[in-house]
> 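Supplied in structure tokens, the structure appears directly below.
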Amino acid sequence: MDFYKWFIAPSSKIVGSAARSRAELASAVAVVRQMVVLGFIVWGALSGKGQHPAVMFTFITNLVFYVFSRTRFSNFAIAFLFIEVLAGIVVGAKSTGSDVSGLVMWLSLGPLMAFIILPLRLALLDVAATIVVAYFFALHPDSGSTLNSWSPIFFLSECMALGILGSYFKSRAEKALAFEQAKVLQSSKLASLGEMASGVAHELNSPLGAIVMNAELVKDVLSDKAEISRAEVMTSIDEIIKVAERMSLIISGLKSFARDSHNEPVISVATHAWIDDALNLCGQKFKSRGIQISVSGDALRNAYSFRRVQLSQVLLNLLNNSFDAISANIGAWVTVDASEKDGQLVVTVTDSGHGINKATTSRLFEPFFTTKDIGEGTGLGLSVSRGIMKSHGGSLVYDEASPNTRFLMKLPLDKFEVAPSSYSQRQAA
Amino acid sequence: MKSIDNLRILVVEDDVSLLQVTCALLERKGVKTFSALDGQKALEVLAQEPVDLVLSDVQMPNMDGVELLAEIRRKNPEIPVVLFITGQAQLDEAESIRLGSSGLLRKPVRIAVLLEKIQSLIDQAVIKDGPTAG
């Protein structure tokens, strides 16, 4: 049995759902603790000793803790646990001499110490400590006072043992999680690679065709028996040069994408550089359909430490979605704006479309959800893009309030160290 | 019997440079050309102009070459359509014939190959003699 899976919530397989997994862990902790406490209440009733007020106190507080942990106030549940632990100590201290006060101390002190010493292992320690105490009480029902005198030593050794056990399971869980994430990333990378490859083949073949055809036109003109039209030859040669330059831009854009973006290092890169990477790959497509692309913003010249290829991949994805949506419209346009707002780099991609319908909006970021025809899109673009943004500590959001279709790439600048802008330094010098 | 120099051909291609030069080359051979940037625009041209042949790229926005082919087969079963592909995986010969095309040409297309293909369509009477279908 994969015991370690119990320590990670199923939802945490997807990057960035730490809050949810914390909530699930908190509620699991509450369930186990409650079972133990209930056992003591039943034991008290059956043995005729009745219930100690401290046990009832723990029962009620734990119930509240459980309810919190199941709602969206899960963070509050953790805070509540802390309060409960402090209160438990007070109650426990007032009940000295009682057999169950030791239990209350254990239930309370364990998590408190863990909270201070080993914050990450709080939940693991708490569950394990409860189980050990319950087991001990089951074996020695009358040993409450003995336990009290030995409890500091028990507690410390237990802390150490469970700390080691906890970190073992935690690292196994982390490894499993990392493995799952790598698998998801790899498959999505392959999917987006496939999507890109077919696009690039087309992007390159068409200009290549134009070059071949222009060369043939020149040949044809030169073989004319009548007077050779110099103007026609020059036009074709100019066209060949222009198209070849366009191809070189596409290839340079492609080269940056060919790098392994998963293990891509975080480097200082000017915002305009990764935006250009994306524009070089798809700009011609927009131009050929008469779609205006304008790029603006005060953060274009600033350099930040990001993963360049991954960010341009996200942008390319947004631009391609825009293209598919608006290329049929007359007077279509796309704007890309890069500005700093509230400690974030916000890159806004807006197109002339009039937003996305409600039904689609709610599913936009679902993996494999697509409105494109079969074979046209994998439905992974936006979900992978969101994953990339999350891995930068940022987010990708659809702006419902905008009258035009708008997506925001938000990148916190405090997560990634802001590097001095070599570009603006050069400008200043 | 029709000959290349009196044909009316619609070229459908989303790359403007390629579209222009293809038309220029065909015009030099005496062909009257019409151009469209995608399938939808091609249908608009077809609704107004009678043509003998449609040369169309497959990968295009709005309406791609395969969709265009289906529309033409539905509306004007007589007009032959030759598709430009970027690779075999995009569309194979058998599949394209099943869909009703008159052949595939792989990009980049040499003008000699294109003219040869057009000539063979005339020889096989795929491009019909007589008044141009509209």
Side-chain angles (χ1 to χ4, degrees), chain A residues 194 197-224 229 232 235-247 250 282 284-291 320 322-330 332 372-376, chain B residues 4 11-31 33 35-44 55-67 70 83-91 95 104-116:
Chain A
S198 74
V200 165
H202 182 255
E203 292 274 311
L204 286 179
N205 260 308
S206 295
L208 200 61
I211 289 175
V212 171
M213 288 285 209
N214 271 296
E216 300 215 65
L217 187 62
V218 171
K219 215 170 115 187
D220 207 57
V221 171
L222 290 178
S223 67
D224 268 358
S229 160
E232 223 173 326
T235 309
S236 277
I237 291 175
D238 282 344
E239 192 67 16
I240 288 173
I241 294 168
K242 202 179 83 192
V243 173
E245 278 170 351
R246 193 221 302 176
M247 288 178 76
I250 294 171
C282 67
Q284 193 57 37
K285 185 160 88 173
F286 283 79
K287 216 189 260 173
S288 77
R289 304 307 301 255
I291 302 171
N320 280 337
S322 285
F323 181 84
D324 291 340
I326 62 170
S327 61
N329 308 342
I330 294 161
K372 295 178 188 172
D373 290 343
I374 294 165
E376 292 288 312
Chain B
I4 287 182
V11 184
V12 194
E13 164 64 59
D14 65 330
D15 187 293
V16 182
S17 303
L18 186 55
L19 180 64
Q20 282 171 348
V21 71
T22 308
C23 288
L25 266 165
L26 289 170
E27 293 271 345
R28 284 183 62 82
K29 302 296 166 196
V31 175
T33 63
S35 61
L37 278 166
D38 62 44
Q40 256 162 20
K41 300 227 167 63
L43 290 177
E44 285 165 26
L55 302 172
S56 174
D57 189 14
V58 168
Q59 192 176 350
M60 292 179 296
N62 298 329
M63 181 188 280
D64 67 23
V66 173
E67 290 169 316
L83 296 171
F84 295 148
I85 52 164
T86 50
Q88 220 180 338
Q90 192 179 24
L91 190 66
E95 174 70 359
L104 292 180
L105 289 176
R106 188 175 174 150
K107 281 181 168 184
V109 181
R110 298 292 305 267
I111 188 68
V113 174
L114 178 58
L115 293 174
E116 207 173 282

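Below, read A as the first sequence line, B as the second, and so on, with proteins coming before strands; counting in each chain starts at 1.
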> Can you give me the closest heavy-atom contact between B:L18 and A:G209, atom names plus distance?
CD1-C, 3.2 Å

> For chain B, which residues of residues 210-217 of chain A have at least one non-hydrogen atom nearer than 4.5 Å to it?
A:A210, A:V212, A:M213, A:N214, A:E216, A:L217

> Suppose we screen for side-chain contact (heavy atoms from CB on, under 4.5 Å). Which residues come up paired with A:I237, at least two apart in sequence or across chains?
A:V218, A:V233, A:I241

> Identify, with sequence neighbours excluded, every residue that meets salt bridge (charged side-chain N to carboxylate O under 4.0 Å, His left out) alongside A:D238.
none

> Should A:N205 and B:P108 count as side-chain neighbours, where that means a heavy-atom distance under 4.5 Å?
yes

> Does B:E27 have any side-chain contact (heavy atoms from CB on, under 4.5 Å) partners at least two apart in sequence or in another chain, and if so, which?
B:T33

> Return the OG to CE distance between A:S206 and B:M60, rounded to the nearest 0.5 Å.
10.5 Å

> What's the separation between atom OG in A:S327 and atom CG in B:L37, rounded to the nearest 0.5 Å?
10.5 Å

> Given the options A:D220, A:L208, A:T235, A:V243, which has more heavy-atom pairs under 4.5 Å with chain B than any of the others?
A:D220

